[in-house]
Undergrad: 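The following block contains the structure, expressed as structure tokens.
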Amino acid sequence: MRIHDKYFELFLSQDDIRQAVITMAESITRDYRGCELVCIVVLKGSFIFAADLVRAIELPCRVEFLSAKSYGSSMHSSGDVAIHVPDIDITGKHVVLIEDIVDTGLTLSVLKAALQNFHPASMEIAALISKPEMRKVQLHVQYVGIEIPPVFIVGYGLDYAEYGRNLPEIWALAEEH
Ligand code: PRP
């Protein structure tokens, strides 16, 4: 499968993804029973994952959105994280940040620091994909769907230069063609 100048091969099927989402939602449902839960979706990449995850969480919860960008149109984090944090009322609430992928960890560490200023009761991260070998900062990710090696992936919300987000599976950059 081709996007722009690159070729991709199937990496995670719809079933693999569905299973990871359901398992994570079960953990969140168990851990936050009786809490005032606010799910914060980190756009853009997380929009599809978040839509599936929140529908599988069997608790009343608020869903809020904010945006963060660090990749531009390249395949590597620029290391320069641009965030837009709207005025979200999370003071005293239990927050789960919903993220499609944790790579270097820079985006979420910047976001967490910004959101701590609003004094939530707790704040955890729920990430569908984690690439632990790529971390540049220490970051605790409470809920991880699938750990993968450092391969570039697209699909299920993730893009390559803004294309590929609508693919229902996750695809990895293929070896040279
Ligand atoms: C991706 C992804 C995370 C971040 C993870 O966003 O959605 O937010 O990168 O990388 P990091 O752990 O190295 O910081 P991107 O900047 O591509 O923006 P997008 O979600 O709008 O595509």
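Both ligands and their constituent atoms are indexed starting at 1 by order of listing.
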Undergrad: What part of Met134, side chain from CB on, backbone N/CA/C/O, both or neither, has a heavy atom under 4.0 Å from ligand 1?
TA: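 Within the 4.0 Å criterion, Met134 makes no contact with ligand 1.
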
Undergrad: Show which atoms of ligand 1 fall inside a sub-4.0 Å distance from at least one heavy-atom site of Leu106.
TA: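 Answer for ligand 1: 12 (O), 14 (O).
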
Undergrad: Please work out which of the three classes, parallel, tilted or perpendicular, describes the rings of Phe49 and Tyr156, given edges at 30° and 60°.
TA: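 If you compare the ring of Tyr156 with that of Phe49, the planes turn out tilted.
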
Undergrad: Measure from the side-chain N and O atoms of Thr91 to the backbone N and O of Pro120, and report whether any donor-acceptor pair falls under 3.5 Å.
TA: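 Checked: no pair found.
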
Undergrad: Are the side chain of Ser109 and the backbone of Leu106 linked by a donor-acceptor contact shorter than 3.5 Å?
TA: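 Indeed, once roles are kept as given, a pair shorter than 3.5 Å links the two residues.
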
Undergrad: Would you mind telling me if ligand 1 is within reach of the side chain of Leu108, the backbone, both or neither, using heavy atoms under 4.0 Å?
TA: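 The answer is neither.
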
Undergrad: For ligand 1, does Arg165 get within less than 4.0 Å through its side chain, its backbone, both, or neither, judged by non-hydrogen atoms?
TA: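 Near ligand 1, Arg165 shows its side chain, while the N, CA, C and O stay back.
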
Undergrad: Can you check whether Val102 has an N/O within less than 3.5 Å of an N/O in ligand 1?
TA: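 Min N/O separation from ligand 1 is not below 3.5 Å for Val102.
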
Undergrad: Which atoms from ligand 1 have a heavy atom of Asp100 less than 4.0 Å away?
TA: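 Near Asp100, meaning under 4.0 Å from one of its heavy atoms, ligand 1 has 2 (C), 3 (C), 7 (O).
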
Undergrad: Determine, stepwise, if the pair Arg62 / Glu36 fulfils salt bridge (Lys or Arg N to Asp or Glu O under 4.0 Å).
TA: CA-CA 8 Å; Arg62 272 170 48 205; Glu36 274 197 71; 5.9 Å; no

Undergrad: Is it true that a side-chain atom of His4 and a backbone atom of Ala161 form a donor plus acceptor pair closer than 3.5 Å?
TA: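 Flag set: sc His4 to bb Ala161 pair under 3.5 Å.
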
Undergrad: Once you measure the plane-to-plane angle for Tyr160 and Phe8, does it fall in the parallel (<30°), tilted (30-60°) or perpendicular (>60°) bin?
TA: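 Rings of Tyr160 and Phe8: tilted, as their planes differ by 30° to 60°.
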
Undergrad: What are the atoms of ligand 1, with element, lying closer than 4.0 Å to any heavy atom of Thr104?
TA: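 Atoms satisfying the 4.0 Å criterion: 11 (P), 12 (O), 13 (O), 14 (O).
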
Undergrad: Using a 4.0 Å heavy-atom cut-off, which part of Ser46 comes near ligand 1: side chain, backbone, both, or neither?
TA: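 It is neither part, as no heavy atom is under 4.0 Å.
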
Undergrad: Out of all atoms in ligand 1, which are within 4.0 Å of some heavy atom of Gly45? Include the element for each.
TA: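 Result: 19 (P), 20 (O).
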
Undergrad: Would Leu173 and Tyr7 count as a side-chain contact (heavy atoms from CB on, under 4.5 Å) here? Give the steps.
TA: CA-CA 6 Å; Leu173 186 66; Tyr7 289 89; over 6 Å; no

